[in-house]
Number of protein chains: 2
Amino acid sequence: MRLAPDELHRTADERLRRDGQRYTAGRRALVQALGSSDRPVTMAELLDCADGLAQSSAYRNLAVLEEAGVVHRLLTGDDTARYELAEDLTGHHHHLVCTRCGAVLDVEVPAELEAAIGRLAASIGSEAGFRVDGHRLDLVGRCGGCRAVADA
Amino acid sequence: MRLAPDELHRTADERLRRDGQRYTAGRRALVQALGSSDRPVTMAELLDCADGLAQSSAYRNLAVLEEAGVVHRLLTGDDTARYELAEDLTGHHHHLVCTRCGAVLDVEVPAELEAAIGRLAASIGSEAGFRVDGHRLDLVGRCGGCRAVADA
DNA sequence: CTTCCTGCAAAAGTTTTGCATTAAC
DNA sequence: GTTAATGCAAAACTTTTGCAGGAAG
């Protein structure tokens, strides 16, 4: 499920307005960059695309976009945050994470497994007094380029 | 699967020695603290237990312990790392994560689901050129205390 | 007596904030 | 006009590192 670009921008605009926020050029550039990537991207990558946008504005805008439900921030282990579009804009998916170089790839898993995880989440959550709203599944290992490389 | 405390310390000692490292009082205190918690703990919590240990030493020791395969460092979303014993010392498990207060709880999931995830990981990994070594599953939501609280 | 560990203080890296200016509506 | 967004610089925060002294084997 990938939205058409204009659909994406229209939705982002809508959700920001709902929060009393404006869909400015800088925000548009961030959404554009996120929408054209097939994996979560780092701040450095975003700043390359969102030409001229100050880093502080990028952080602020990403926070606003996350608050509005357009963007999702994630930590995958290499201590630098990555950003992707919110799940309802990209479709539910999970991540392959390389423990050596930090690369992150999107993957989809069979609906059947998703359903099993969902059922589990509900039952485990209620046992622990949690209201479970979702889940994250990361498959961690070594990417193609890092498979051959020794560690130390 | 929870090791007896003496078994735990013996194993930690062994693994450090294998790396040419010593199992000092400070390291022992960290392992002790991790071993007596039923969930991943933050640096602040560790420093409370490991009485008098300098923060820099704690970070260094945790890195050494991770390298030796005794400790595992994880990021759950609230930007401060948490630490737990390595999986083979605690048993494979996953986490319930509260998106409001950051609380993290250990949970175990049925072997059947683990097996399904494992099979999936292998097949998805090979498709993407990854060698998948393991997986993380976080169930995210609101803990008991935060369920009632409104957001803004 | 050699190697490793420790604490302190300083540095590094990422993310956040204050403030004056500019742009959106 | 009024409110919100931007850029810059400075601050905050977590984590890492340099170095001199101390402990372990």
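Chain A is the first sequence line, chain B the second, and so forth, proteins listed ahead of strands; every chain is numbered from 1.
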Undergrad: Taking atom P of D:dA24 as reference, at what distance in whole Å does atom CZ of B:R28 sit?
TA: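 About 14 Å, once rounded to whole Å.
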
Undergrad: Taking CG from B:L65 and P from C:dC5, how many angstroms apart are they, rounded to a whole number?
TA: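 From B:L65 CG to C:dC5 P: 10 Å.
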
Undergrad: What is the distance from CG of A:L62 to P of D:dT6, rounded to the nearest Å?
TA: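 Rounding to the nearest Å, CG of A:L62 and P of D:dT6 are 11 Å apart.
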
Undergrad: Across the strands shown, which category fits B:A81 at heavy-atom distances under 4.0 angstrom: base, sugar-phosphate, nothing?
TA: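 Since only primed, P, OP1 and OP2 atoms lie under 4.0 Å of B:A81, the category is sugar-phosphate.
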
Undergrad: For D:dT6 and A:N61 - does any side-chain N or O of the residue sit under 4.0 Å from the phosphate oxygens OP1/OP2?
TA: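 Yes, A:N61 has a side-chain N/O under 4.0 Å of OP1/OP2 on D:dT6.
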
Undergrad: Can you find a donor-acceptor pair, distance only, under 3.5 Å between B:R22 side chain and D:dG22 base?
TA: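 Donor-acceptor pair under 3.5 Å: no.
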
Undergrad: Select one nucleotide: of D:dT15, C:dT15, C:dT6, the one nearest the side-chain heavy atoms of B:T24.
TA: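 For the B:T24 side chain, the nearest candidate turns out to be C:dT6.
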
Undergrad: Considering just the side-chain nitrogens and oxygens of B:Q21, establish if one lies under 4.0 Å of OP1 or OP2 belonging to C:dC4.
TA: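 For B:Q21, the contact criterion (side-chain N or O under 4.0 Å from OP1 or OP2 of C:dC4) is not met.
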
Undergrad: Within the 4.5 Å heavy-atom criterion, are A:Y23 and A:V31 side-chain neighbours or not?
TA: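 A:Y23 vs A:V31: side chains touch.
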
Undergrad: Report the C-alpha distance between B:E84 and B:V41 in whole Å, list the side-chain angles of each, state the deciding distance to 0.1 Å, and finish with yes or no for side chain to side chain contact (heavy atoms under 4.5 Å, CB included).
TA: CA-CA 7 Å; B:E84 62 186 5; B:V41 296; over 6 Å; no

Undergrad: Does D:dT15 have OP1 or OP2 sitting under 4.0 Å from an N or O in the side chain of B:R60?
TA: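 No, because none of the side-chain N or O atoms of B:R60 sits under 4.0 Å from OP1 or OP2 of D:dT15.
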
Undergrad: Nearest whole Å is fine: how far is C:dT15 P from A:R82 CZ?
TA: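 Atom-to-atom, A:R82 to C:dT15, this comes out as 11 Å.
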
Undergrad: Quick check: are there more than 12 heavy atoms from other residues, nucleotides or ligands sitting under 6.0 Å from CZ of B:R39?
TA: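 Counting other residues, nucleotides and ligands, CZ of B:R39 stays at 12 neighbours or fewer.
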
Undergrad: Starting at CD of A:Q55 and ending at P of D:dG7, how long is that distance when rounded to a whole Å?
TA: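 It is 12 Å, rounded to the nearest whole Å.
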
Undergrad: Let's see if you can work this out: which of D:dG18, D:dT6, C:dT15 has an atom nearest to the side-chain heavy atoms of A:R27?
TA: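 The answer is D:dT6, which lies nearest to the side chain.
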
Undergrad: Could a donor-acceptor pair under 3.5 angstrom be found where the side chain of B:S56 meets the base of C:dC8?
TA: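 Under the 3.5 Å cut-off, the side chain and the base do form a donor-acceptor pair.
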
Undergrad: Mapping B:G20 and B:G52 to their closest nucleotides on DNA chain C, which lands nearer the 5' end?
TA: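 Looking at DNA chain C, the more 5' nearest nucleotide goes with B:G20.
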
Undergrad: How many whole angstroms separate atom CZ of B:R17 from atom P of D:dG25?
TA: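 Distance check: B:R17 CZ to D:dG25 P gives 6 Å.
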
Undergrad: Working note: B:L30 + B:V71, criterion side chain to side chain contact (heavy atoms under 4.5 Å, CB included); need CA distance, chi angles, decisive distance, verdict.
TA: CA-CA 10 Å; B:L30 292 171; B:V71 162; over 6 Å; no

Undergrad: Please report the distance, rounded to the nearest Å, between OH in B:Y59 and P in C:dT6.
TA: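 After rounding, the reported distance stands at 16 Å.
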
Undergrad: Do you see a donor-acceptor pair shorter than 3.5 Å between the side chains of A:Y83 and A:H72?
TA: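 No, A:H72 and A:Y83 have no side-chain donor paired with an acceptor closer than 3.5 Å.
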
Undergrad: On DNA chain D, check which nucleotide each of B:Y23 and A:L53 is closest to and give me the residue with the more 5' one.
TA: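 Whichever sits nearer the 5' end wins; that is A:L53.
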
Undergrad: Using whole Å, what does the distance between atom C1' of nucleotide C:dT14 and atom CG of A:L47 come to?
TA: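 The answer, rounded to whole Å, is 12 Å.
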
